[in-house]
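In what follows, every heavy atom counts, from backbone to side chain, and hydrogens, waters and symmetry copies are set aside. Read the numbers this way: they start at 1 and go in the same order the structure lists the ligands and their atoms.
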Amino acid sequence: MNRDIVCIGAGYIGGPTMAVIAKMNPDRKVIVVDINAERIAAWNSEDYSIPIYEPGLVDVVKEVRGRNLFFSTDIKGTVQQCDIVFVGVNTPTKMFGRGSGRASDLQYWEATARSIKEYANGDKVVVEKSTLPVRTAAAMEAILNDHASYSFTVLSNPEFLAEGTAIKDLLEPDRVLIGGPETEEGHRALEAVVDVYAAWVPRERILTTNVWSAELTKLAANAFLAQRVSSINAIAGLCEATGADVDEVARVVGADRRIGPKFLKAGPGFGGSCFKKDVLNLVYLCETFGLHTAAEYWMGVIKMNQHQQERIVSRLFSAMFNTLANKKIALFGFAFKADTGDTRETPAATVARLLAEEHVRVTVTDPKALDNARRDLADLSGVVYEADEYKAAEGADAIVLMTDWRHYPTLDWRKIYDSMRKPALVFDTRNCLDAAELKQIGFRVLNVGK
Ligand code: NAD
Ligand code: UGA
């Protein structure tokens with residue numbers, strides 16, 4: 001087996017993961033391929049205008065691109081060149097037919113498996129990097145191994161990085177998970193992939209399991225994280241009704257070492273491409289296996305999340321004298337979290353749409369996600385996109401802070417206040433601004449869970 005690696009799929013997962021693998025394995029050639037030629041051209045661009053924004057990523061790409069990291073559209077040639085094939089293509093929620101709105105749409109994955117089979121010129125280890133339903137590896141093996149000459153071993157190596165901290169997460173992972181079949185070939189393949197990570201990850205953090213456990217663990221891990229966010233948001237509503245403060249409650253609840261402090265920040269609800277998709281996938285799996293109460297339990301996590309955005313608009317409505325029509329509201333932040341330009345499933349889009357239904361004049365500002373916002377809200381007429389926060393706030397009746405961009409607390413809020421229509425309101429859905437200071441300036445202030 002040669003040591004070269006190809007990754008099919010040059011997206012949020014394929015690009016950063018392979019860049020770090022190449023950085024830490026200078027003796028291996030790592031090639032990232034995609035059917036999207038525009039994306040590959042961006043990864044190869046001379047001025048490093050790479051297709052995703054991720055802190056620290058461009059520095060890694062500068063270090064390794066052309067050394068042992070390559071981006072290409074030649075899927076056939078690279079599959080033939082490498083014995084280890086990672087697959088990191090997209091697996092969105094299926095929006096048609098059986099399992100619509102819940103199951104994973106596996107068409108891109110299956111197309112990839114078929115290309116690997118068509119192009120293979122020898123035995124291959126195929127590594128699932130995408131998040132997939134349990135037992136996908138079995139289906140893939142069935143497709144791949146219907147081949148006269150070569151044999152294929154499918155492993156599961158789900159990725160746990162979070163956007164915005166991808167490079168740090170990749171360089172210092174809590175754990176790397178690799179699931180493999182319990183056969184001799186399976187063990188050999190597993191060791192080959194363990195070897196890739198062992199170049200920098202301490203061996204005790206590389207956890208190996210059977211394939212089905214690895215596939216299910218990824219869905220379970222995301223479901224647990226999403227559930228914590230929905231749990232604290234459910235408590236936030238109760239805080240608003242009772243005079244408790246959700247940040248205080250979270251601080252003390254999280255001080256219990258059995259619970260821990262992370263993922264207890266109340267806010268506008270979780271966004272991002274994966275939490276909703278993966279929890280829905282879990283719901284679908286539970287339903288498929290007749291576990292209806294478990295399915296309902298996980299569905300509650302999604303319902304609570306949707307409710308959170310509806311509540312933001314309801315509270316604005318009440319605070320702004322029960323009419324929003326023709327008022328100007330500026331959304332500060334459109335990305336689903338800070339330090340990313342990604343807007344997939346962002347709560348800000350839902351809030352923008354709910355406000356547009358109320359005939360609000362919506363202005364959106366974001367330091368990294370304005371182009372994506374323009375694309376996502378293209379069907380809404382009248383939305384204004386403004387890179388400069390001060391201009392976005394001019395004449396506004398309210399600002400709704402949707403993303404916790406680090407520089408927002410350091411803006412000149414007095415200047416912003418002076419340019420707004422009075423009474424001026426700030427709804428800080430991330431509880432990241434200094435509410436006492438804002439009130440002193442003259443703002444009316446709303447927070448989540450207070
Ligand atoms: P993405 O949409 O950013 O990238 C997927 C890429 O695959 C696209 O560039 C697409 O053109 C390419 N592709 C699709 N079909 C192809 C084919 N047949 N041949 C070659 N290329 C093809 O998606 P992503 O965010 O990178 O997610 C990929 C997978 O990783 C998903 O299963 C997701 O759940 C999982 N994941 C994502 C993250 C994250 O932070 N985004 C984290 C962990 C896991
Ligand atoms: C998440 C997981 O954290 C990763 O481990 C996983 O690999 C990834 O999904 C995936 O499978 O795609 P990501 O979605 O990039 O990563 O970002 P998170 O930091 O998990 O945030 C998700 C959402 O929850 C954001 O909208 C964030 O603002 C929100 N959140 C997070 C809260 O509202 N409160 C919190 O306390 C934490």
- prompt: Do any N/O atoms on F275 end up under 3.5 angstrom from N/O atoms on ligand 2?
  reply: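 Between F275 and ligand 2 (N or O atoms, distance only) the closest approach is not under 3.5 Å.
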Less than 3.5 Å apart, which donor and acceptor atoms pair up between the side chains of residues 297-304 and the rest of the protein, not counting sequence neighbours?
| unit_1 | atom_1 | unit_2 | atom_2 | d |
| --- | --- | --- | --- | --- |
| Y297 | OH | Q227 | NE2 | 3.2 |

message: What I want to check is whether the side chains of S230 and N305 have a donor and an acceptor closer together than 3.5 Å.
response: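 No - no donor-acceptor pair under 3.5 Å links their side chains.
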field: Nearest-0.5 Å distance that lies between atom CG in L446 and atom CG in L438
entry: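 One gets 11.5 Å once the value is rounded to the nearest 0.5 Å.
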message: As an exercise, state the distance from CG of D105 to OG1 of T93, rounded to the nearest 0.5 Å.
response: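 Between D105 CG and T93 OG1, I get 9.0 Å after rounding to 0.5 Å.
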message: Against the six-membered ring of Y53, is K368 placed for a cation-pi contact (under 6.0 Å from the centre, within 45° of the normal)?
response: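 Judged by the rule, K368 and Y53 form a cation-pi pair.
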- prompt: Honestly, is K62 close enough over Y48, meaning NZ or CZ under 6.0 Å from the six-membered ring centre and within 45° of the axis?
  reply: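 Yes.
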Shortest protein heavy-atom distance from [atom], along with the residue and atom involved:
| atom | result |
| --- | --- |
| atom 12 (O) of ligand 2 | C274 SG, 2.7 Å |
| atom 7 (O) of ligand 2 | L161 O, 2.7 Å |
| atom 36 (O) of ligand 2 | K265 N, 2.9 Å |

Say whether [X] and ligand 2 are in contact under the criterion: heavy-atom distance to a ligand atom below 4.0 Å.
| X | value |
| --- | --- |
| A162 | yes |
| K218 | yes |
| G272 | no |
| R228 | no |
| T131 | no |

For [Y], is there an ion pair with [X] - N to carboxylate O distance below 4.0 angstrom?
| X | Y | answer |
| --- | --- | --- |
| D379 | R353 | yes |
| E110 | R114 | yes |
| R315 | E240 | yes |

- prompt: With a 4.0 Å heavy-atom cut-off (strictly under), which part of T340 contacts ligand 2: side chain, backbone, both or neither?
  reply: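 For T340, there is no contact with ligand 2 at all, from either part.
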Within reach of ligand 2, part of Q308 (heavy-atom separation under 4.0 Å):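 It is neither part, as no heavy atom is under 4.0 Å.
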message: Please state which option from R430, K262, R344, K337 has its nearest heavy atom closest to atom 19 (O) of ligand 2.
response: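 The residue whose heavy atom sits nearest atom 19 (O) of ligand 2 is K337.
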message: What does the 4.0 Å heavy-atom contact list look like for ligand 1?
response: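 Residues I8, G9, G11, Y12, I13, D34, I35, N36, R39, I75, G88, V89, N90, T91, Y108, T112, S130, T131, E159, L161, E163, K218, S273, C274, K277, R344 each place a heavy atom under 4.0 Å from ligand 1, listed by chain and number.
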Acceptor/donor pairs from residues 76-83 side chains to any protein atom, 3.5 angstrom cut, sequence neighbours excluded:
| unit_1 | atom_1 | unit_2 | atom_2 | d |
| --- | --- | --- | --- | --- |
| T78 | OG1 | D74 | O | 2.7 |
| T78 | OG1 | I75 | O | 3.1 |
| Q80 | NE2 | Y119 | O | 2.9 |
| D83 | OD2 | N2 | N | 2.7 |

Salt bridge (Lys or Arg N to Asp or Glu O under 4.0 Å) contacts in which one or both residues fall within residues 3-19, not counting sequence neighbours: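 Pairs touching residues 3-19 that pass the test: R3-D27, R3-D195.
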